[in-house]
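Beneath this line is the structure, given in structure tokens, with notes to follow.
What you see below is based on every heavy atom in this structure, not just the backbone, and it leaves out hydrogens, waters and symmetry mates.
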Amino acid sequence: MADDAPAPTPPASPHTHARTHARKDAMPPRCHLDHITVIAQTLDEGARFVHAALGVAPQTGGEHPRMGTHNLLLRLGDSAFLEVIAVNPLAPPPARPRWFALDSLDARSAPALATWVVRSSDIHATQAELPETLGEIEAMSRGALNWLITIPADGSLPLGGVAPTLIEWSTATHPAAGLRDHGLSLLGLELCHPEPERLANLLQPLELGNIVAVSGATSPRLLARIMTPDGLKTLSI
């Protein structure tokens, strides 16, 4: 009978554990479409633009002391939102260019969907995987909220806004969860650029799937498809 007993399982080799940990360490960071950004001369102008397009007004956000800006926010799902951002006229100007190309706006500039933001679980690893940089990784804050974000030194929008900004939140709960729910959801983005292959190669390491579509165009263009209680709506650059 003893001969029929199963052989004992040999102890795991320490090399096996090392390989297991190496595989875990080598797992790429997870990336997701986080939010879209509307830039405007003032928050009031940006709010009117969003309301005209989507039928819903964004709510008050807060201030970004390092950039001299402030924002409004609109929930687009459990972990996605729309941001309206503008120069804060009551804040001292920063000693550097403001982000999201806000310093390029003038009195003739109309509100527009300027760019989009990708959330990463490890912003440094994600940036290192990309074929071209999206900016320096900077620590930012708004009230009690803190995050890391990529910002070009000159404040410009990478590839005219159709390349994303990277962000890593330092909170367990996504900021969208605390916003009022109006029943809106972000379905996807259409990204158009004169160099579509360059853009596609840049996005490939992010593995965002079908939520973004890339095509050619004579100039950069970004379009967001948003489902609302009144049907499908769009925002554009």
Side-chain angles (χ1 to χ4, degrees), residues 33-76 80-118 134-136 138 140-143 145 147 149-167 175-176 179-180 182 184 186 189-193 217-226 228 233-237:
L33 176 54
D34 190 80
H35 65 275
I36 57 177
T37 300
V38 169
I39 60 173
Q41 276 277 73
T42 69
L43 292 185
D44 285 344
E45 291 181 17
R48 289 194 295 269
F49 170 74
V50 171
H51 187 271
L54 303 180
V56 180
Q59 68 188 73
T60 300
E63 300 181 359
H64 313 106
R66 283 195 61 200
M67 287 292 169
T69 59
H70 54 177
N71 68 1
L72 304 173
L73 303 169
L74 180 63
R75 179 170 172 159
L76 298 178
F81 63 93
L82 178 153
E83 173 187 38
V84 176
I85 191 166
V87 172
N88 183 355
L90 301 180
R96 55 168 296 165
R98 294 180 177 89
W99 52 4
F100 300 115
L102 285 171
D103 289 334
S104 68
L105 300 184
D106 58 32
R108 300 167 296 174
S109 300
L113 178 61
T115 194
W116 56 300
V117 181
V118 168
L134 296 174
E136 297 297 320
E138 305 260 2
M140 299 297 294
S141 66
R142 176 173 59 81
L145 195 60
W147 63 94
I149 191 168
T150 54
I151 308 173
D154 61 359
S156 63
L157 296 170
L159 297 190
V162 295
T165 293
L166 298 179
I167 196 167
L179 302 177
R180 290 192 292 272
H182 295 280
L184 280 66
L186 179 57
L189 299 176
E190 297 178 19
L191 312 173
C192 307
H193 193 268
T218 56
S219 60
R221 188 171 69 90
L222 171 64
L223 183 142
R225 294 182 291 108
I226 299 169
T228 78
K233 307 288 186 180
T234 60
L235 279 177
S236 185
I237 200 165

For [X] versus [Y], what's the shortest heavy-atom pair and its separation?
X	Y	value
L134	A163	CD2-CB, 4.1 Å
L73	G61	CD1-CA, 4.0 Å
L82	L54	CD1-CD1, 4.2 Å
P97	D154	CB-O, 3.5 Å
P175	L145	CG-CD2, 3.9 Å
L157	A114	CD1-O, 3.7 Å

Is there a side-chain contact between [X] and [Y] in this structure, where contact means two heavy atoms from C-beta onward sitting under 4.5 Å apart?
X	Y	value
L223	L189	no
P220	C192	no
S236	R221	yes
L184	V56	yes
E190	L222	no
I167	V118	no
R180	L74	no
R75	H182	no

Measuring from atom [atom1] of [X] to atom [atom2] of [Y], what distance do you get when rounded to the nearest 0.5 angstrom?
X	Y	atom1	atom2	answer
T228	L76	OG1	CG	11.0 Å
M140	M67	CE	CE	4.5 Å
W116	L186	CH2	CG	10.5 Å
H70	H64	NE2	NE2	9.5 Å

Discussion item. Quick test of your reading: applying side chain to side chain donor-acceptor pair (under 3.5 Å), list the pairs with at least one residue in residues 89-108, sequence neighbours left out, ordered by first then second residue.
Written reply: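 Sorted pair list: T69-W99, R96-E138, R98-D103, D106-R108, D106-S109.
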Worksheet entry | Any pair counted as side chain to side chain donor-acceptor pair (under 3.5 Å), so long as it reaches residues 48-58, sequence neighbours left out |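 Sorted pair list comes back empty.
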Worksheet item: Between I151 and F100, is a side-chain contact (heavy atoms from CB on, under 4.5 Å) present by the stated rule, with each step listed?
Response: CA-CA 8 Å; I151 308 173; F100 300 115; over 6 Å; no
Practice prompt. Classify the angle between the aromatic ring planes of H35 and F81 as parallel (below 30°), tilted (30 to 60°) or perpendicular (above 60°).
Written response: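 Parallel: the ring planes of H35 and F81 meet at under 30°.
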Worksheet entry | Sidechain-backbone polar pair: T150 side chain, T165 backbone, donor-acceptor under 3.5 Å |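 Flag not set: sc T150 to bb T165 has no pair under 3.5 Å.
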Per-pair distances, 0.1 Å, donor-acceptor, side chain in residues 83-91, under 3.5 Å, sequence neighbours excluded:
unit_1: E83; atom_1: OE1; unit_2: T37; atom_2: OG1; d: 3.3
unit_1: E83; atom_1: OE2; unit_2: N71; atom_2: ND2; d: 2.9
unit_1: N88; atom_1: OD1; unit_2: L90; atom_2: N; d: 3.0

Worksheet item: Do T42 and D44 get their side chains close enough for a donor-acceptor pair, meaning under 3.5 Å?
Response: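 Per modelled atom types, T42 and D44 side chains form no pair under 3.5 Å.
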